[in-house]
Amino acid sequence: MRNKSVVNEAREIQIAVDLINLGARLQLLQEETNLSRERLLKLYKEVKGESPSKGMLPYSTDWFMSWLPNIHSSLFMGIHQFLVKNANVSGVEALIKSYRLYLEQAEVGEDEPTLSITRAWFLIRFFEAGMMQLTRCKECGGHFVVHTNELCDEYSCGICRPPSRAGKTRKAAQLAAAMA
Ligand SMILES: [Zn+2]
């Protein structure tokens, strides 16, 4: 039976609006609230002024392993794990709070963030499923996202060992400073 409490419903609408403002896809809203698809669609159009994208969700774990996405994902997961451990938050609340902090730390500004909130949500699920975890870089001591089956003691991160094509960009240097 659906929960008809007005307070609960108001809370769920607030969560949905927060998620929409942070760029969440419709499927994420359906998973994280008990609001009907019709209400979520209406809400989405009201907040964004347009219908949600209908494309495929980004399911792959490989994306998180490529160079810049890995740095951003590691920054996000570090924040998320810190908040869950120290700020007594969990679930969708932890997702929203850590994603906001990630946007601040990564100094995204008006640009499209490298890590979307939908990917951040998947990333948390991959961690919960034990498919991915953080490991320590032996050079800088920062913690980075790796596949669980690829764990090793001799890990060097993408900031310490950037691929030649990536170079040491200003953005990467800023992120490295933020993670130290
Ligand atoms: Zn490193």
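When a ligand or atom number is given, it counts from 1 through the structure's own listing order.
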Of the non-hydrogen atoms in L22 and Y99, which two are nearest, and what is the gap between them?
O-CE2, 3.9 Å
Describe, in one word, how the ring planes of Y102 and H72 are oriented to each other, choosing from parallel (under 30°), tilted (30 to 60°) and perpendicular (over 60°).
perpendicular
Step by step, would you call W121 with S116 a side-chain contact (heavy atoms from CB on, under 4.5 Å)?
CA-CA 9 Å; W121 176 68; S116 69; over 6 Å; no
Any salt bridge between E46 and K42, counting N to O under 4.0 Å?
no
For a quick check under 3.5 Å, do T135 and H143 share a side-chain donor-acceptor pair by atom type?
no
Does the distance from a Lys or Arg side-chain N to an Asp or Glu carboxylate O, for R39 and E12, drop under 4.0 Å?
no
At a cut-off of 2.8 Å, protein N/O/S around the Zn ion (ligand 1) gives C137 SG, C140 SG, C157 SG, C160 SG
